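We use all heavy atoms of the structure for the numbers below, so side chains are in, but hydrogens, waters and symmetry mates are not. Keep in mind it's a predicted model, so treat the numbers as computed, not measured. Naming convention: chains lettered A, B, ... in sequence-line order (proteins, then strands); numbering from 1 in each chain.
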Amino acid sequence: MPTQYAPADVEGDLYERWTSAGLFTADPSRSPEAPAYTIVIPPPNVTGSLHMGHALDHSIQDTLVRRRRMQGYEALWLPGMDHAGIATQNVVEKRLRAEGKTRHDLGREKFQEAVWNWKAESGGSILGQMRRLGDSVDWTRERFTMDEGLSRAVLTIFKRLYDDDLIYRAERIINWCPRCLTALSDIEVEHSDREGELVSIRYSDDITVATTRAETMLGDTAVAVHPSDERYAHLIGTEIELPLTGRRIPVVADEHVDPAFGTGAVKVTPAHDPNDFEIGRRHDLPSLVVLDEHARVTAEGPFKGMERYEARAAVVEALRGEGRIVKEVRPYTHSVGHCSRCQTVVEPRVSLQWFVKVAPLAQAAGDAVRDGRVGIEPAELSPRYFAWVDNMHDWCISRQLWWGHRIPVWYGPDGEQACFGPDEEIPEGWTQDGDVLDTWFSSALWPFSTLGWPDETPDLQRFYPTSVLVTGYDILFFWVARMMMFGLYAMDGVAPFKTIYLHGMVRDQFGKKMSKSFGNVVDPLDWINTYGADATRFTLLRGANPGGDVPVAEEWAQGSRNFCNKLWNATRFALMNGAHVNGDLPTAYSTVDGWILSRLQTVIGDVDRHIEAFDFAKAAETLYHFAWDEVCDWYLELAKVPLMNGGDEAEATRRVLGEVLDKLLRLLHPMIPFVTEELWIALTGRETLVRGTAWPVAEQAYAAPDAEAVIASLQGLVTEVRRFRSDQGLKPGQRVAARLEFGDSPLRDHEEAIRSILRLTAPDASFAATATFPAEGVTVELDTSGAIDVKAERARLEKDLAAARKDLAQTSGKLGNADFVAKAPEAVINKNKARQAAAEADISRLESQLAALPAA
RNA sequence: GGGCGUAUAGCUCAGGGGUAGAGCACUCGCCUUACAAGCGAGGGGUCAUUGGUUCGAAACCAAUUACGCCCACCA
């Protein structure tokens, strides 16, 4: 074995071996007594490539799934991709544009063909990247939202919702993207503050209104005031003449108007403003559409054909010419909606669209979490979830796109409309609705459509509901809430998952969001290539504190790589020394062996608890410190003595060392599968850790608090002497003669190990002790050849003395306080008493040592 | 306008009513026979501010200040 771990030499081979042996393949009929464990992967966009967010998301899921697999669960991690309607269509259209074409040049069918071709050719590169990460997904079950099976699920549920009157078509005001030329749902609109101009327009002698979108006045069909606003009471029910148009519009009274805002009078444009649309409905006002799908003015007159911003300026100019502008226009910051795909300012627009009636579905989705059938982790995010499901507007599901599931509604020659299921025959002469469904409609079915629904497949029976949904909190609304709605609806009230685990966003080392424009984006593949998949995963998992975002930095990936290398060398050392896992653990073993076995049990329990609690940072941290600080820094060093000596004790230690590494590698395997698999095979000579290898279970029989206390004491002594050696400038490898007096300290059995670890030799004829200090009940005299650094030694003693005095003052203060003695728990009092006594002893010892020190 | 959250070492973050922790960074010394991707020893924090509860507060409570995020149909 080389002295350094080279991930590239093992990762590809191992992954190939795992998949070709079918180790990730779940089987619904295998071991029916074993519980099922299911995770469906959040399907990445077919246009996408692996970014750090995926790497985090997948590392978490893989950790959960691999652990369950080791625990004997029939574990399924189902991969797949999303067709990502608008995003994918945009990409392909962009490619067409490069050839000077639009999708209309191709026509609908040819365009779809082009998208499919593009998908076949360059889509799904993320799947290859998932292999690089080591995702233990079941490739035999890969799905795509536009697959035949999943499309059937889409049509089936559409039909069912349609028949249940939960889907309807209506003319409503919707968010319209004038660039993508399609309707958008509420959550596809991102609001951000934008500088605009608020202009006040005198509509009549009595009424002035204010607006940031002056061009919409061309579509005004009323002016609204508050019903109890005395200023306007006499005008309610009258009509005024709308400037520039000559149209007469009524003055209506509506509760929505805030009399304290502006003039208390509002222009009403039902066709182009959501509020106004509602006012219009309440007062039966006409909706006058004055902007087309490109947001160009359609109203007859001088503005016709102008683009919206051009029209805005022109309208203001014209009004100014008529003396209608009150005061000057003033800058005004207000929130404006942008298309989440292309950042174009969204134009609210009345049009005929399809909607899901969400009230009953959202109610069920809320209840499932409220009554505890589904848990949200971390729980702090539940209020967000409730706020959303409890206030959700009807969901606009139609998109004026060509890439997606076409709405399964046909229109007959005589104006009839009917929804046909996937297996129904379409009557002659009927034409299908031209729109496609929102891409989130099909993703909402993902937890069961991927398992074969609507058919009662073995997969569906065995693996639904899924165990946990792992995703970023940013798509709680987009995806999670909708899966809840559709899952509960389609699966007779059985929620699609038992737990929703929401992780944070990956950020850079300063906590900044990764963004292309800021230039701080890290490509996980770069890390995988440089440091290995395990190091990449471990870095992410170490940062995954529940409820927090995950900062990462290149240096941290290096640290993780170093950790993998540490495991590599620890195992190398073990193999060089004959460690093995054959046969039962010895019944008799040393205190050192007993200590590490005892610590191992605690670590097993801790890691289990942390993973169950989705606390991957702590699980990783626990193993990192156990492996590095305890196993490598202490156990391996202490084990060297018996291993060198040979004999029965060496035999026992070889077995215990094998045991500790065996269990450690198993515990780490879900997080860092490659290096652990490689090392475990080398250590045990067995085939694989992935399947059929038990996840460790803590065994209380090995708990050994006495051994732990002895080793803690040994560590204290060794550290103390090392500190002296370091202060004295003694080189680590330099042998120093020493005399050790153990008294009745339990460390007396460990003299050989202590001498070995501290490079202490036996005193010879020339021995002249020049440093003496008791630590941990042991007196150590060191021969430093008469050349001790008095200044350094004085500094050391004085520092210790100051610390002891401070300690004494602190404890004495407490113990002299009657309230403290009366009210503090006994354990705390005893602890203080012990500290006080120790401090007193230290002070007298240090003082005499200082006095005995020769002058500098 | 609502909701949630955060202020702890240079950076990123854990912790938690009883002497302040980790990783990285930093200083010093080391190729000590698993590992220099390493080993050993260190330095560094009034735990945001102000009050309260308590024998004891960095931790609990309140207010303040400063950030962050989510939702929202303020013309």
Side-chain angles (χ1 to χ4, degrees), chain A residues 1 3-5 173 186-187 191 198 209-213 224 256-258 261-263 265-269 273-278 332 334-335 337 348 380-384 386-388 391 393 473-474 476-477 505 507-511 531 535 542-543 545 547-553 555-556 558-577 615 617-618 621 624-625 632-633 636-637 640 644 719 722-727 729-735 757 759 803 806-807 810-811 814 817-825 827-829 831-832 835:
Chain A
M1 272 174 93
T3 60
Q4 284 190 354
Y5 170 54
I173 188 141
D186 288 347
I187 52 175
H191 292 266
L198 188 67
V209 300
T211 182
T212 53
R213 294 159 65 213
H256 170 263
V257 180
D258 176 3
F261 186 93
T263 60
V266 183
K267 63 190 276 305
V268 180
T269 323
D273 183 278
N275 285 320
D276 296 3
F277 182 78
E278 291 305 318
Y332 185 75
H334 60 137
S335 184
E380 295 80 46
L381 287 166
S382 317
R384 269 191 210 183
F386 292 131
W388 195 74
N391 298 297
H393 294 164
Y473 58 68
D474 56 333
L476 178 62
F477 305 135
M505 303 294 112
R507 294 172 177 272
D508 75 7
Q509 59 190 309
F510 304 110
Y531 305 112
R542 274 185 96 182
N545 288 300
D549 283 337
V550 182
V552 295
E555 294 78 40
W556 307 350
Q558 268 172 34
S560 300
R561 184 268 318 261
N562 295 353
F563 177 62
C564 294
N565 195 49
K566 193 73 179 170
L567 297 171
W568 179 267
N569 278 295
T571 307
R572 203 162 67 92
F573 169 84
L575 288 169
M576 281 163 53
N577 286 280
D615 195 337
K618 282 203 196 64
E621 208 65 15
Y624 180 91
H625 286 295
C632 290
D633 287 351
L636 294 190
E637 292 305 320
K640 281 175 183 174
M644 301 296 173
T719 301
R722 275 176 177 164
R723 190 174 144 205
F724 173 82
R725 290 184 57 125
S726 181
D727 288 346
L730 292 170
K731 298 196 190 311
Q734 189 174 333
R735 313 266 152 186
I757 231 170
R759 322 279 159 191
K806 189 178 159 198
D807 220 28
Q810 240 172 37
T811 49
K814 277 192 185 180
N817 180 331
D819 276 334
F820 174 75
V821 176
K823 291 179 185 171
V828 173
I829 291 172
K831 210 169 140 189
N832 276 276
R835 263 174 53 203

A.B. asks: Test Met505(A) against Val550(A) for side-chain contact (heavy atoms from CB on, under 4.5 Å), laying out the working first.
C.D. replies: CA-CA 6 Å; Met505(A) 303 294 112; Val550(A) 182; over 6 Å; no
A.B. asks: I want to verify a distance call: between C35(B), G18(B), C71(B), whose nearest atom is closest to the Ala824(A) side chain?
C.D. replies: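 That would be G18(B).
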A.B. asks: Can you tell me the distance, in whole Å, between the NZ atom of Lys823(A) and the C1' atom of U53(B)?
C.D. replies: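 It is 12 Å, rounded to the nearest whole Å.
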A.B. asks: Has the side chain of Lys566(A) got a donor or acceptor atom sitting under 3.5 Å from an opposite partner on the base of C35(B)?
C.D. replies: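 Donor-acceptor pair under 3.5 Å: yes.
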A.B. asks: Is Lys618(A) touching bases, backbone alone, or none of the nucleic acid, heavy atoms closer than 4.0 Å?
C.D. replies: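 Sugar-phosphate: the residue Lys618(A), judged by heavy atoms under 4.0 Å, touches backbone atoms but no base.
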A.B. asks: Which residue lies toward the 5' end of RNA chain B, Pro551(A) or Thr719(A), if each is placed at its nearest nucleotide?
C.D. replies: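 Closest to the 5' end, via its nearest nucleotide, is Pro551(A).
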A.B. asks: Using the C1' atom as the point on both nucleotides, what is the distance between G51(B) and C67(B), in whole Å?
C.D. replies: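 It comes out at 23 Å once rounded to the nearest Å.
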A.B. asks: Quick one: Phe563(A) CZ to A22(B) P, roughly how many Å, whole number?
C.D. replies: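 Checked: the CZ to P distance equals 17 Å.
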A.B. asks: Tyr5(A) has an atom OH; how far is it from atom C1' of G38(B), in whole Å?
C.D. replies: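 After rounding, the reported distance stands at 19 Å.
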A.B. asks: Can you tell me if Asn391(A) uses its side chain to pair, donor with acceptor, with the backbone of Ala387(A) under 3.5 Å?
C.D. replies: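 Indeed, once roles are kept as given, a pair shorter than 3.5 Å links the two residues.
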A.B. asks: Donor-acceptor pair, Asn565(A) side chain versus Tyr5(A) backbone, under 3.5 Å?
C.D. replies: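 Side chain of Asn565(A) to backbone of Tyr5(A), a donor-acceptor pair under 3.5 Å: yes, one is there.
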A.B. asks: Could you measure between the two C1' atoms, the one in C13(B) and the one in A25(B), and give it in whole Å?
C.D. replies: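 To the nearest whole Å, 15 Å.
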A.B. asks: Measuring from atom CG of Asn577(A) to atom CE of Met644(A), what distance do you get when rounded to the nearest 0.5 angstrom?
C.D. replies: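 These two atoms lie 6.0 Å from each other.
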A.B. asks: Measure distances between side-chain N and O atoms of Arg561(A) and base N and O atoms of A37(B), and say whether any donor-acceptor pair falls under 3.5 Å.
C.D. replies: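 Per atom types, the contact qualifies.
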A.B. asks: Given that both distances must come in under 3.5 Å, which nucleotide forms a Watson-Crick or G-U wobble pair with G38(B)?
C.D. replies: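 Result: C30(B).
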A.B. asks: Would you say A37(B) has OP1 or OP2 under 4.0 Å from some side-chain N or O of Gln4(A)?
C.D. replies: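 It does, given that an N or O in the side chain of Gln4(A) lies less than 4.0 Å from OP1 or OP2 of A37(B).
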A.B. asks: I need the NZ-C1' distance between Lys731(A) and C28(B), as an integer number of Å.
C.D. replies: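 These atoms are roughly 12 Å apart.
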A.B. asks: Within the 4.0 Å heavy-atom criterion, would you say Phe510(A) contacts the bases, only the backbone, or no part of the nucleic acid?
C.D. replies: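 It contacts sugar-phosphate atoms only.
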A.B. asks: Treating Ser726(A) as the side-chain partner and Arg722(A) as the backbone partner, does any N or O pair qualify as donor plus acceptor under 3.5 Å?
C.D. replies: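 Looks like no, no N/O pair under 3.5 Å.
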A.B. asks: On the nucleotide A41(B), are OP1 or OP2 found under 4.0 Å from the side-chain N or O atoms that Arg725(A) carries?
C.D. replies: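 Negative; the distance criterion is not met.
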A.B. asks: Just checking Arg759(A): base, sugar-phosphate only, or nothing, at a heavy-atom cut-off of under 4.0 Å?
C.D. replies: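 The answer is base, as Arg759(A) lies within the cut-off (heavy atoms under 4.0 Å) of a base atom.
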A.B. asks: Assuming nearest nucleotide by heavy-atom distance, tell me which of His625(A) and Leu730(A) is located more 5' along RNA chain B.
C.D. replies: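 First, find each residue's nearest nucleotide; the 5'-ward one identifies His625(A).
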A.B. asks: What integer distance in Å separates Phe477(A):CZ from G3(B):C1'?
C.D. replies: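 In whole Å, G3(B) C1' lies 10 Å from Phe477(A) CZ.
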A.B. asks: By the 4.0 Å heavy-atom rule, please label Pro348(A) as base, sugar-phosphate, or nothing.
C.D. replies: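 Pro348(A): no heavy atom of the nucleic acid under 4.0 Å.
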A.B. asks: Using the C1' atom as the point on both nucleotides, what is the distance between A14(B) and C47(B), in whole Å?
C.D. replies: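 These two C1' atoms come out 13 Å apart once rounded.
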A.B. asks: For a quick check of understanding: with a heavy-atom distance under 4.0 Å over all strands, which category does Asp633(A) fall into, base, sugar-phosphate or nothing?
C.D. replies: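 Contact class for Asp633(A): sugar-phosphate only.
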A.B. asks: According to the Watson-Crick and G-U wobble definitions, with both distances under 3.5 Å, which nucleotide is paired to A59(B)?
C.D. replies: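 Matched A59(B) with nothing under the 3.5 Å cut-off.
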A.B. asks: How long is the span from the CG atom in Asp615(A) to the CD atom in Glu621(A), to the nearest 0.5 Å?
C.D. replies: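 Result: 10.0 Å between the selected atoms.
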A.B. asks: Provide the Watson-Crick or G-U wobble partner of C13(B), both distances under 3.5 Å; none if there is no partner.
C.D. replies: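 C13(B) is paired with G21(B).
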A.B. asks: Between U33(B), G18(B), G40(B), spot the one nearest the side chain of Lys814(A), thanks.
C.D. replies: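 The answer is G18(B), which lies nearest to the side chain.
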A.B. asks: Is G1(B) paired to anything, Watson-Crick or G-U wobble with both distances less than 3.5 Å, and if yes, which nucleotide?
C.D. replies: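 By the stated definition (distances under 3.5 Å), C71(B) pairs with G1(B).
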A.B. asks: Without swapping roles, check the side chain of Arg725(A) against the backbone of Lys731(A) for a donor-acceptor pair under 3.5 Å.
C.D. replies: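 Yes, Arg725(A) side chain to Lys731(A) backbone: donor-acceptor pair under 3.5 Å.
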A.B. asks: Expressed in whole Å, how much space separates the P atoms belonging to G29(B) and U12(B)?
C.D. replies: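 Here G29(B) and U12(B) have their P atoms 30 Å from each other.
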A.B. asks: Of the options C71(B), A41(B), U19(B), whose atoms approach the side-chain atoms of Lys831(A) most closely?
C.D. replies: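 From the listed options, U19(B) comes nearest.
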A.B. asks: Among the nucleotides U19(B), G23(B), C55(B), which one has an atom lying closest to any side-chain atom of Arg542(A)?
C.D. replies: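 The answer is G23(B), which lies nearest to the side chain.
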A.B. asks: Starting the side chain at C-beta, find the nucleotide from A75(B), G18(B), U19(B) nearest to His334(A).
C.D. replies: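 The closest nucleotide is A75(B).
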A.B. asks: Which nucleotide in the set G38(B), A75(B), C55(B) lies at the smallest distance from any side-chain heavy atom of Lys267(A)?
C.D. replies: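 Of all the options, the side chain of Lys267(A) is nearest to A75(B).
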A.B. asks: My understanding is that a pair needs two contacts under 3.5 Å, Watson-Crick or G-U wobble. By that rule, which nucleotide pairs with U6(B)?
C.D. replies: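 A66(B) - that is the nucleotide pairing with U6(B), both distances being under 3.5 Å.
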A.B. asks: Give none if U54(B) has no partner; otherwise give the nucleotide forming a Watson-Crick or G-U wobble pair with it, both distances under 3.5 Å.
C.D. replies: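 Checking every strand shown, U54(B) finds no partner, since no pair has both distances under 3.5 Å.
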A.B. asks: For the C1' atoms, the ones on G56(B) and on U19(B), what distance do you get once it is rounded to whole angstrom?
C.D. replies: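 Here G56(B) and U19(B) have their C1' atoms 13 Å from each other.
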A.B. asks: Indicate whether OP1 or OP2 belonging to G18(B) is found under 4.0 Å from a side-chain N or O atom of Asn832(A).
C.D. replies: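 So the side-chain polar atoms of Asn832(A) never come under 4.0 Å of the phosphate oxygens OP1 or OP2 of G18(B).
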A.B. asks: Counting only Watson-Crick pairs (N1-N3 plus N6-O4 or O6-N4) and G-U wobbles (N1-O2, O6-N3), all under 3.5 Å, who is the partner of C47(B)?
C.D. replies: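 Its partner is none (no Watson-Crick or G-U wobble pair with both distances under 3.5 Å).
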A.B. asks: Would you say Arg723(A) places a side-chain N or O within less than 4.0 Å of OP1 or OP2 belonging to G42(B)?
C.D. replies: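 The answer is yes; a side-chain N or O of Arg723(A) sits under 4.0 Å from OP1 or OP2.
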A.B. asks: Touch check for Leu476(A), heavy atoms < 4.0 angstrom, all strands: base, sugar-phosphate only, or nothing?
C.D. replies: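 The answer is nothing, as Leu476(A) stays clear of every strand by at least 4.0 Å.
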A.B. asks: Give one of base, sugar-phosphate or nothing for Asn817(A), where a contact means two heavy atoms less than 4.0 Å apart.
C.D. replies: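 Since only primed, P, OP1 and OP2 atoms lie under 4.0 Å of Asn817(A), the category is sugar-phosphate.
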A.B. asks: Taking only the P atom of each, what is the distance from G1(B) to G16(B) in whole angstrom?
C.D. replies: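 Result for the P pair: 35 Å, nearest Å.
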A.B. asks: Rounded to the nearest Å, what distance is computed from the CG atom of residue Asn569(A) to the P atom of nucleotide A34(B)?
C.D. replies: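 About 10 Å, once rounded to whole Å.
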A.B. asks: With heavy atoms under 4.0 Å as the rule, sort Cys564(A) into base, sugar-phosphate or nothing.
C.D. replies: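 Nothing: the residue Cys564(A), judged by heavy atoms under 4.0 Å, touches no strand.
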A.B. asks: Report yes if at least one side-chain N or O of Lys640(A) is closer than 4.0 Å to OP1 or OP2 of A34(B); otherwise report no.
C.D. replies: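 Result: yes.
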A.B. asks: Report the nucleotide, chosen from C74(B), G29(B), G5(B), that has the shortest atom-to-atom distance to any side-chain atom of Pro732(A).
C.D. replies: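 Among the listed nucleotides, the one closest to the side chain of Pro732(A) is G29(B).
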A.B. asks: Please determine, by modelled atom types, if Tyr473(A) and Asp549(A) share a side-chain donor-acceptor pair under 3.5 angstrom.
C.D. replies: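 A pair is found: one side chain offers a donor N or O, the other an acceptor, under 3.5 Å apart.
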A.B. asks: Could you check how far CG of Asp727(A) sits from P of U27(B), rounded to whole Å?
C.D. replies: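 It is 19 Å, rounded to the nearest whole Å.
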A.B. asks: Could you go step by step and tell me if Asp273(A) and Arg213(A) meet the side-chain contact (heavy atoms from CB on, under 4.5 Å) rule?
C.D. replies: CA-CA 10 Å; Asp273(A) 183 278; Arg213(A) 294 159 65 213; 3.6 Å; yes
A.B. asks: For the side-chain contact (heavy atoms from CB on, under 4.5 Å) test, which of Val257(A), Thr211(A), Asp258(A) pairs with Val266(A)?
C.D. replies: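 Answer after filtering Val257(A), Thr211(A), Asp258(A): Val257(A).
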A.B. asks: Just call it for Ala570(A): base, sugar-phosphate, or nothing, with non-hydrogen atoms closer than 4.0 Å on any strand.
C.D. replies: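 The answer is base, as Ala570(A) lies within the cut-off (heavy atoms under 4.0 Å) of a base atom.
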A.B. asks: Counting side-chain heavy atoms from C-beta on, which of U12(B), G40(B), C55(B) comes nearest to Ser726(A)?
C.D. replies: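 For Ser726(A), the side-chain atoms sit closest to G40(B).
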A.B. asks: Rounding to a whole Å, what distance do you find between Glu621(A):CD and G23(B):P?
C.D. replies: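 For the pair Glu621(A) CD and G23(B) P, the rounded distance is 8 Å.
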A.B. asks: Where the side chain of Asn565(A) is concerned, which of A41(B), A37(B), G23(B) is the nearest nucleotide?
C.D. replies: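 Shortest atom-to-atom distance from the side chain points to A37(B).
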